[in-house]
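Accompanying notes for the structure given below.
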Amino acid sequence: MKNLKIAIQKSGRLNEKSVQLLKNCGLDFENYKSSLITTVSNFPLEILFLRDDDIPGYVEQGIADLGIVGENVIDETESEVNYLQRLGFGKCTLKLAVQKDSDIKDLRDLNGKSIATSYPVILKKFLDEYRIDADIQMISGSVEIAPGLGLSDAICDIVSTGGTLKNNGLKQFADVRKSEAILIGRPGLEDNEILAELLQRIQSVLMAKETKYVVLNVEKVNLPTITGLLHGVKSPTVVPLAEEGWVAVHTVISEDDFWGKINKLKSAGAQGIVVMPIEKIIM
């Protein structure tokens, strides 16, 4: 079967985690920092390293079969691609921001104002939704300096921590669009066997990242309460201990619910709780 091609960011905020995800899926490849394309040695896949703005178009045109890119880039390029899997990293928000001493207090105050951005398509749709008539100034980089230079009254830019805004005397004003990394595919690829295998690997890695493997000891008399708190992948595994009246319970706990569950388990009589990371979960 012909190799699939996946496009990922050559450099930037999604590159490292995209590479790590593929490696966690058991894919073996090298020279990704010095090449525009590399072949995976143990899986029928080739990896293209591109500018993130180019990835949706390459996938739409079929030059690449798959891509890992931010939702904001997909929306901005208006590419016709299929969303295959949310990847849980590269989370950020496209925000409006103004100078700290700005008289702009409400979205309606943007009428007649100028807004600098690298995302004119997304911004235009947002402004139209709220019936705001503002002048969009397209800037390809360093958008945050525009108000200080008198180029615009506000900006619309990607914000992760907000540190860059503060350093340039800006404050967050309104959320325009949330974004995270997405695995996308070209139309017509849905029944591909290689894609199905790759998706299974990715989903197993993502599921493992979101859970912890937990082993605990508990008296049998408290077991119903303990198992009522735990679900596992299907249900907890219960193993008798050498000490009469005691069992070991093996299960997985969601990362989001981890500390709340641990405290409840201790209150219900759990002892000797051991928590371990999980590499992969195959469903």
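Counting heavy atoms from C-beta on, the side chains of V98 and P147 never come closer than 4.5 Å. Between L151 and Q137 the shortest side-chain heavy-atom distance does not fall below 4.5 Å. The closest side-chain heavy-atom distance from N3 to F43 is not below 4.5 Å. Inter-residue side-chain proximity for D103 and D109 is flagged as unmet; no heavy-atom pair is nearer than 4.5 Å. Within the 4.5 Å cutoff, the side chain of I74 has heavy atoms near those of the V81 side chain. A heavy-atom distance below 4.5 Å is not found between the side chains of I155 and I139.
The side-chain contact (heavy atoms from CB on, under 4.5 Å) search around T225 returns A268, not counting sequence neighbours. Not counting sequence neighbours, the partners of K100 by the side-chain contact (heavy atoms from CB on, under 4.5 Å) test are K171. Judged as a side-chain contact (heavy atoms from CB on, under 4.5 Å), and not counting sequence neighbours, the contacts of Q203 are Q85, L199.
From L123, atom CG reaches atom CD1 of I132 across 9.0 Å, with rounding to the nearest 0.5 Å. Expressed to the nearest 0.5 Å, how far CD1 of I37 lies from CG of L50 amounts to 9.0 Å. Expressed to the nearest 0.5 Å, how far CG of L216 lies from CD1 of I262 amounts to 7.5 Å. Rounding to the nearest 0.5 Å gives a distance of 5.0 Å between OG of S18 and CD1 of I8. Going from atom CD1 of I63 over to atom CD1 of I55 covers 12.5 Å, rounded to the nearest 0.5 Å. Rounded to the nearest 0.5 Å, atoms CD (E219) and CD1 (I226) are 11.0 Å apart.
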Practice prompt. Kindly determine whether L127 and I136 satisfy side chain to side chain contact (heavy atoms under 4.5 Å, CB included), including the steps that lead there.
Written response: CA-CA 10 Å; L127 295 177; I136 299 176; 4.1 Å; yes

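Residue pairs that meet the side-chain hydrogen bond (donor to acceptor under 3.5 Å, both in side chains) test with at least one member in residues 208-218, sequence neighbours left out, are Y213-H250. Listed by first then second residue, pairs satisfying ring-ring contact (aromatic ring centres under 6.0 Å, His included) with a partner in residues 95-129 read F126-Y130, not counting sequence neighbours. The ring-ring contact (aromatic ring centres under 6.0 Å, His included) pairs that include a residue from residues 57-115 number zero, where partners must be two or more places apart or lie in different chains.
At a threshold of 4.0 Å, the pair R201-E197 counts as salt-bridged, since one of the basic side-chain nitrogens sits closer than that to a carboxylate oxygen. One finds no salt bridge joining K5 and D65 here, because no Lys/Arg side-chain nitrogen approaches an Asp/Glu carboxylate oxygen to under 4.0 Å.
Within 6.0 Å of the CG atom in D128, the count of heavy atoms belonging to other residues, nucleotides or ligands exceeds 12.
Across all their heavy atoms, N15 and Q9 have their closest contact at ND2-O, 2.7 Å. When every heavy atom of V218 is checked against every heavy atom of G269, the shortest pair comes out as CG2-O, 4.0 Å.
No hydrogens or angles considered: nothing links the side chains of D175 and T93 as a donor-acceptor pair under 3.5 Å.
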